[in-house]
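Data first, discussion second: the structure below is written as structure tokens.
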Amino acid sequence: MDLNIFKILLTIFIFIINFLFFVNASELVKGIYFDRIITIVLGNSYYEESMNDPYLAYLGSQGILLSNYHAVWHPSQPNYIAMIRASKSGVLTDFNQDVEGASLPDLLEEKGISWKAYMENYPGNGFNESHSGDKLYVRKHNPFISMNQIRTNSSRFIYIVNADRLKKDIEDGTVPQYVFYTPNMANSGHDTNVNHASNYLNNTFIPLIEPLLINSRTLLVITFDESSKYLDSLTNYNHIYTVFIGPNVLKSMKHEDDGWYNHYSFVPTIERNWNLSALGTGDDTESTPFNDGFFLDII
Ligand SMILES: *[C@@H]1O[C@H](CO)[C@@H](O)[C@H](O)[C@H]1NC(C)=O
Ligand SMILES: *[C@@H]1O[C@H](CO)[C@@H](O)[C@H](O)[C@H]1NC(C)=O
Ligand SMILES: *[C@@H]1O[C@H](CO)[C@@H](O)[C@H](O)[C@H]1NC(C)=O
Ligand SMILES: *[C@@H]1O[C@H](CO)[C@@H](O)[C@H](O)[C@H]1NC(C)=O
């Protein structure tokens, strides 16, 4: 072969390889509604109390406020399990309990969609105890570690990380498409109060993730694990504050939705967004996906 032709072919070949790698590295798996979802879960506040907080009320006016959203149980832990399994899966207390079977991360991995659980004060390395020494990290607020298929597999539990990692992932442009964020017991408001949690959002968390919201199809969901009221009526059971925030959501004409939703609504919505297979835990029967209309301006 003529040397020049060989050089040209080689150059084209290298160009194609680079192009493929570049595209692979930078492209997110497109979702119908969003390309990334970040869920942050605060602790123990009832709807009216949250809405009385000036910053949470402000956020409610900036996104879509779900004014009829409910946690599914007391105490905390089953609510976290529900968010990734669309089922309490037999977990009804805060004690360590190991859950057999697939959860949301299994479905995401199947479609090549990246995920990470960012846990404040998490010691890392598959740590599976009830709490860290300082008790700021608690296992009951980390549903991923209760999944046998994740906890017992070192190539999967590495996606449960100390939350400090998020800053670096933002700088490196490697933030996954599914982000679950659990603040520590103080920042979540659990051991403090809802105003402490909202100050934490306003001064620390929102400024940190704001760059992600600006130029990408990223949806931020702020919710609470459970209401601090244990004795509310059955019709208003476990009523909590939840808001959807994102640059595209902000264009929505309607800022409040009083449709009845709960923690089971996440899994079927995320399944639909990325055409995932169904978990079969109740996600297709017991739970109501979030209204498609929310996302109209993102599509
Ligand atoms: C949010 O933080 C900003 C800047 O620190 C501050 O000016 C503002 O008053 C805070 N908002 C609320 C409702 O606390
Ligand atoms: C918890 O982690 C330790 C290692 O730190 C491991 O030996 C043990 O098997 C784990 N327990 C469970 C239930 O996965
Ligand atoms: C552990 O996870 C990896 C990556 O998902 C998977 O390929 C492997 O089969 C899993 N191992 C077991 C024992 O399930
Ligand atoms: C959704 O996934 C199923 C099965 O994995 C596949 O047959 C179907 O074509 C997919 N639909 C879209 C719109 O990608």
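When a ligand or atom number is given, it counts from 1 through the structure's own listing order. This chain uses plain numbering: 1 for the first residue, then up along the sequence. The structure displayed is predicted, hence computed values, not measured ones.
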**Study point:** Met119 side chain reached by Ile145 side chain, heavy atoms, under 4.5 Å
**Key:** no

Point to revise | Close-contact set for ligand 3 against Asn153 heavy atoms, below 4.0 Å | key: 1 (C), 2 (O), 3 (C), 8 (C), 10 (C), 11 (N), 12 (C), 14 (O)

**Study point:** Close aromatic pair by centroid cut-off 6.0 Å: Tyr237 and His74
**Key:** yes

**Study point:** Residue portion contacting ligand 3 (non-hydrogen atoms closer than 4.0 Å) for Glu109
**Key:** side chain

Revision key, fill the gap. Any heavy atom of Glu110 under 4.0 Å from ligand 4? The part involved is neither

Review point. For the ring pair Tyr69 and Trp260, is the centre-to-centre distance below 6.0 Å?
Key: no

**Study point:** Ring center gap for Phe244 and Phe290 short of 6.0 angstrom
**Key:** yes

Exercise for review: Taking the six-membered ring for Trp and the full ring for Phe, Tyr or His, determine whether the centres of His190 and His141 are under 6.0 Å apart.
Suggested key: yes

Review point. If you count the atoms of ligand 3 from 1 in the order shown, which ones are under 4.0 Å from a heavy atom of Arg156?
Key: 2 (O), 5 (O)

Review point. Should you measure from each heavy atom of Lys111, which atoms of ligand 4 turn up under 4.0 Å away?
Key: 2 (O), 5 (O)

Check your understanding: Do Tyr33 and Trp274 have ring centroids that are under 6.0 Å from one another?
Key -> no

Review point. What atoms of ligand 3 come closer than 4.0 angstrom to any heavy atom of Ser155?
Key: 1 (C), 2 (O), 3 (C), 4 (C)

Provide, line by line, the atom pairs where ligand 1 and the protein bring an N/O atom each to a distance under 3.5 Å; else say none.
| residue | atom | partner | partner atom | Å |
| --- | --- | --- | --- | --- |
| ligand 1 | 2 (O) | Asn202 | OD1 | 3.0 |
| ligand 1 | 2 (O) | Asn202 | ND2 | 2.3 |
| ligand 1 | 5 (O) | Asn203 | OD1 | 3.4 |
| ligand 1 | 11 (N) | Asn202 | ND2 | 2.9 |

Practice item. Would you name the heavy atoms of Tyr181 and Glu120 that are closest together and state the gap between them? Key: OH-OE2, 2.6 Å

Review point. Can you tell me if Asn121 and Asp134 form a side-chain donor-acceptor pair at under 3.5 Å?
Key: yes

Exercise for review: Compute both the distance and the angle, then confirm whether Lys116 meets the cation-pi test with Tyr159: under 6.0 Å from the six-membered ring centre, within 45 degrees of the axis.
Suggested key: no

